[in-house]
Amino acid sequence: MEPFKVDLGYLRAMQEKPVIEAYTKPVAVCHAKDVREHEMKEFEFIHGRKVLIAKYGGQIHALGNTCTHYDAPLHTGVLGNGRIRCPWHGACFNIETGDIEECPGLDSLPCYKVEVERGGLVMVQAKLKDLESTRRLKTMAKRDPENPLTYVLVGGGPSSQVCAETLRKEGFTGRIVIVCKESYLPYDRSRISRRFDLKFDDIQYRPQQFYDEHNIEVFVNSKAIEANVEEKLVIMKDDKRLFYDKMYIATGSSPKQIPIKGFNYPNVFTIRNFDDWRRLKKAIGKNTPVICVGSSFLGMEIAQAIKTYMPCSVTVVSRAKIPMQKKFGLKIGERILKMYKEKMITMMMETAVLEVIGNDLGVTHVRLNDNRQLPCKVLIIAAGIKFNTKFLVGCGLPINANGSIDADLYLQSIVDDVYVGGDIANAPVYSDYNHRSNIGHIQVAQNHGYVAGVNMHGSRKIEVRSVPYYTTTLFNMTLRCSGFGLFKDVIIEGDLEKLNFIAYYIDSQDRVISVVSSNRDPIVSQFAEFRNQGRILRRYELVDLNKPWVNVTLKKPGSKLEHHGIKIEFIGQIELFYDRGNHHEFKCLAKALARPGDLIQNNSYPFEFPNVEKQFEVYAGSNVRLRYFLRATIVRRISDITKEVDIAVHTLCSYPDVNNPIKMEVGIEDCLHIEFEYNKSKYHLQDTIIGKIYFLLVRIKIKHMEIAIIKRESTGTGPNMFTENENITKFEIMDGAPVKGESIPIRVFLAGYNLTPTMREINKKFSVKYFLNLVLMDTEDRRYFKQQEITLWRKADIPRYHAHSQQQAAIAGHNTHPQHAPAHLVSGPPAPISATPAVPVNDSNAAGTVPSESKMGLFTRESPNQEFSQQSQDSLPTSPMTPPSMSIERGIGDGAAATSTSPVLLSTTPPPLPVAATIINATTTHETDPAAEQKTAEVEDLLESNEQAENDIEDKPLVVAPVTTDFLDDA
């Protein structure tokens with residue numbers, strides 16, 4: 001039996017006195033009513049300090065007022081779901097604790113004690129130590145010598161730095177080793193390409209004292225040359241061996257050597273680390289001819305940094321036609337190109353360096369692909385990178401062809417206990433719908449380190465969810481970008497020339513995948529928070545739907561298109577197929593968009609057609625087609641360039657005030673006398689026809705009975721009238737001979753069939769009517785039928801919204817945001833949407849009247865060869881629909897429109913029919929069936945209780961209108 005053990009550590013903890021934090025005296029900073037729900041404000045505190053007061057979930061919180069990364073004022077940022085996002089670089093802080101939750105940045109915000117007095121004064125107290133700095137280091141665990149675990153972080157960049165700190169903050173007490181090939185402690189490498197007036201202390205993340213205090217070992221000048229994941233071993237260049245329990249690989253990337261003759265001259269530079277930066281700075285002198293190869297982020301940043309630092313000749317040589325076009329699009333790329341030329345930087349686009357010419361002192365000239373030679377004393381190669389994963393070849397870890405390594409949502413590789421992050425990680429990108437990608441930005445690398453550190457510790461599991469966020473400064477232009485993915489179109493709002501704009505990048509499914517802005521903070525941070533919450537911004541939500549535009553795009557940028565004007569037309573048209581040469585336009589409005597001239601660049605032309613009455617619904621039938629469309633035309637001397645975009649218009653109605661049932665007695669004298677009844681005469685397209693048939697006299701041998709829905713389309717007038725009958729559906733409702741006094745219930749579901757509302761004398765060109773056809777067949781195959789017209793209408797079951805309800809919603813619930821921020825980038829709870837008041841109904845399409853009293857009629861006998869043939873579902877006509885890129889406008893008839901809160905994707909494919917419509921069939925017998933009587937009673941009850949209470953919605957068209965019409969130059 002083991003002896004009884006006492007946990008002495010617990011006893012020692014009981015004896016330790018708790019640390020009592022010293023606080024300031026309570027200070028009244030504001031009144032509770034000064035800050036609204038989901039709002040942030042800055043108030044004076046003590047000792048010249050300011051405090052950020054935020055109200056979230058009914059609670060008031062007090063925190064440090066500036067971001068711990070670059071001291072951005074947080075009250076201009078975004079208050080999201082329980083956290084605050086920096087307006088400059090997207091760092092996120094927990095609103096309750098101030099802890100940093102998303103990078104960039106390493107430190108947390110100081111969090112203050114808040115108490116709201118009975119009178120409403122907000123009293124704030126701060127720890128005395130928090131007044132010493134605007135940053136706070138989260139509590140970190142201490143190294144436990146008895147913990148045998150060793151975690152090795154390969155790579156000395158920002159990702160490993162954050163991973164090491166996260167492990168200690170999560171409570172890991174084992175050994176942490178950072179393997180760094182450089183001779184420096186981890187530093188912010190992104191800043192060395194932007195400025196030449198830096199000191200290393202300005203970009204170093206932490207001093208040596210920090211690593212010593214928290215027992216984080218940093219092996220500088222220790223490049224990893226080999227690894228073995230089976231033995232859990234890392235070998236360094238000095239043959240030092242490290243055995244690990246878990247490994248995090250974040251080795252980043254290096255400049256790729258391009259195939260240029262003479263690449264190895266001493267004054268040919270690549271910029272990747274601080275030593276490269278120092279050598280380049282030393283080589284740059286006054287009037288030194290500098291050539292930078294590449295127009296990507298790195299090349300453009302270095303070019304502007306050199307031009308700002310030293311008055312010298314700077315030339316950018318690039319194979320691309322427009323700088324940064326793949327990242328920012330054509331128009332922003334053109335604006336950057338113009339700005340660089342204005343700053344006296346020579347931009348040689350669509351040009352390549354073939355050879356570097358020099359002597360013993362280094363480069364003297366470069367030869368271009370057009371055989372020109374440019375003088376050069378400093379040549380900078382900023383084109384292309386390679387991933388630093390060569391040391392992992394053969395280690396047992398799968399490596400992709402481009403050198404990257406696949407990672408899952410937790411940044412774990414396919415090998416247990418091996419995690420990857422930063423540039424080399426082919427990891428899911430949450431804002432790109434978890435598609436795997438390599439992203440070479442510092443914010444992504446730091447967030448990878450945070451996620452990997454949490455998951456390596458293992459106390460909890462988190463997924464990669466941060467939205468890529470990066471910032472670049474090019475002279476006086478600061479560009480902030482959030483999001484990631486391949487874009488198809490760019491929508492720019494603002495003044496690009498004055499560098500005050502927002503650019504929305506749209507993918508092939510009309511989703512906004514990224515946002516770029518200049519001088520429009522905090523719009524990019526709002527979008528990052530919006531996507532982080534899993535919400536999707538669509539194209540149609542970006543603009544006022546009453547003001548669409550026409551985009552004219554040249555196939556070849558820089559070419560010229562001569563034209564005699566550009567116009568847009570709104571047309572309502574009826575096409576009769578037997579008279580194809582003549583189209584009857586009942587509506588035609590036109591507006592000029594541009595005067596005659598030359599088109600030398602892509603352009604957008606806004607337009608508006610206010611107060612347009614759309615009195616008819618679109619229709620596509622067998623012999624006629626009614627359509628509304630926009631036609632944009634570039635008028636040219638020989639042949640015009642046109643594009644048409646159809647608009648779907650639906651006439652919406654509410655329940656008619658009068659909807660009498662249909663009752664009629666029909667028969668054949670002394671042979672057959674029946675009475676049929678339908679519960680109403682007007683049905684909406686999703687309605688159910690309920691009825692019953694009574695047999696009052698039966699003296700002929702009836703074999704079976706069926707009911708059909710017939711659509712009758714009439715076109716033309718007089719001798720030129722064409723009538724087309726189409727069997728929409730047909731059902732057998734009785735099989736066998738009925739007896740006197742028997743009743744047959746009927747129920748037909750209209751939903752699922754390709755039906756349109758009843759149309760009467762549309763512009764005196766055509767009509768569409770629907771009939772219920774009751775057919776009886778006797779034992780000699782003689783057919784008797786009776787048709788009864790019914791009126792169909794489209795129910796307005798879609799709520800209407802005010803035209804600008806979403807635009808008027810406060811951004812993130814923060815009334816201090818600038819008015820240019822779109823209401824859809826809401827970081828807080830969605831704003832309520834008010835509905836349009838109900839409007840009395842004018843059922844113009846239901847002009848036909850059905851007598852409510854009973855009257856006697858006669859069956860019409862039909863010969864066997866006159867039976868209507870039922871068409872297959874595939875042959876049913878379809879209504880014209882707009883493509884998925886169209887947005888929603890619900891016209892109200894007075895020129896106003898309301899935006900839809902959810903995307904509507906329309907297709908030209910008709911809706912599938914249900915497998916079987918529910919019809920109550922009755923097999924007749926010579927005796928009364930009690931079950932049939934019970935079903936008849938149920939139908940009668942249904943007829944009496946069929947009235948529905950619905951909110952009235954005005955009888956105006958539902959319009960699906962295009963936001964843009966895109967042109968491609970055909971010339």
Side-chain angles (χ1 to χ4, degrees), residues 322 324-335 429-435 437 439 467-470 479-494 496 501-518 520 523-524 526-545 547-555 557 601-607 630 632 643 645 806-807 820-826 882-889 899-907 960-968:
I322 302 295
M324 297 183 169
Q325 182 176 353
K326 289 185 178 180
K327 179 61 67 176
F328 293 138
L330 179 63
K331 289 188 177 181
I332 296 179
E334 289 175 343
R335 183 64 184 90
V429 181
Y430 178 76
S431 63
D432 194 28
Y433 309 97
N434 282 332
H435 295 151
S437 297
I439 301 178
V467 179
Y469 197 120
Y470 56 91
L479 293 174
R480 308 195 195 282
C481 179
S482 176
F484 183 79
L486 297 175
F487 63 89
K488 179 183 177 183
D489 193 12
V490 184
I491 297 175
I492 298 177
E493 184 271 317
L496 191 59
F501 63 88
I502 308 169
Y504 302 93
Y505 294 80
I506 316 294
D507 67 3
S508 57
Q509 299 184 41
D510 276 357
R511 302 174 299 194
V512 179
I513 58 170
S514 60
V515 171
V516 171
S517 79
S518 177
R520 289 292 189 93
I523 187 69
V524 173
Q526 287 174 334
F527 179 76
E529 189 64 23
F530 187 87
R531 289 295 295 122
N532 184 267
Q533 295 175 11
R535 299 159 72 181
I536 299 174
L537 185 63
R538 305 269 179 181
R539 177 197 290 267
Y540 71 86
E541 295 177 292
L542 298 177
V543 293
D544 182 357
L545 297 179
K547 297 181 180 179
W549 64 87
V550 176
N551 281 341
V552 181
T553 306
L554 298 174
K555 282 186 176 180
Q601 64 180 1
N602 303 334
N603 212 336
S604 296
Y605 303 96
F607 66 92
L630 288 169
K643 182 170 183 178
V645 178
Q806 290 182 330
Q807 282 82 352
H820 57 250
H824 310 284
L825 301 186
V826 178
T882 56
S885 62
M886 299 306 153
S887 67
I888 306 303
E889 174 194 329
T899 56
S900 171
T901 56
S902 61
V904 178
L905 300 183
L906 302 175
S907 67
V960 181
V963 171
T964 62
T965 300
D966 293 318
F967 271 108
L968 285 177

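Residue numbers start at 1 and run along the sequence shown.
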Pairwise distance [atom1]([X]) to [atom2]([Y]) - rounded to 0.5 angstrom:
{"X": "K327", "Y": "M324", "atom1": "NZ", "atom2": "CE", "answer": "10.0 Å"}
{"X": "N551", "Y": "I491", "atom1": "CG", "atom2": "CD1", "answer": "7.5 Å"}
{"X": "Y470", "Y": "S482", "atom1": "OH", "atom2": "OG", "answer": "9.0 Å"}
{"X": "D510", "Y": "D489", "atom1": "CG", "atom2": "CG", "answer": "8.5 Å"}
{"X": "Y504", "Y": "R539", "atom1": "OH", "atom2": "CZ", "answer": "13.5 Å"}
{"X": "L479", "Y": "R335", "atom1": "CG", "atom2": "CZ", "answer": "10.5 Å"}

For residues [X] and [Y], determine if any side-chain heavy atom of one lies less than 4.5 Å from a side-chain heavy atom of the other.
{"X": "Y430", "Y": "R531", "value": "no"}
{"X": "T553", "Y": "L330", "value": "no"}
{"X": "I332", "Y": "I492", "value": "yes"}

Search all heavy atoms of [X] against all heavy atoms of [Y] and return the closest pair with its distance.
{"X": "E493", "Y": "R520", "result": "OE1-NH1, 2.9 Å"}
{"X": "F527", "Y": "S514", "result": "CE2-CA, 3.8 Å"}
{"X": "V429", "Y": "S437", "result": "CG2-CB, 4.0 Å"}
{"X": "F530", "Y": "L537", "result": "CE2-N, 3.5 Å"}
{"X": "I502", "Y": "I523", "result": "CD1-CG1, 3.9 Å"}
{"X": "P468", "Y": "I439", "result": "CG-CD1, 3.7 Å"}

remark   = salt bridge (charged side-chain N to carboxylate O under 4.0 Å, His left out) filter on D507, not counting sequence neighbours, yields R511
request  = For a side chain to side chain contact (heavy atoms under 4.5 Å, CB included) with K331, tell me which candidate from L496, I322, V490 qualifies.
outcome  = L496
key: Counterpart residues, ring-ring contact (aromatic ring centres under 6.0 Å, His included), relative to F484 (two or more places apart)   = none
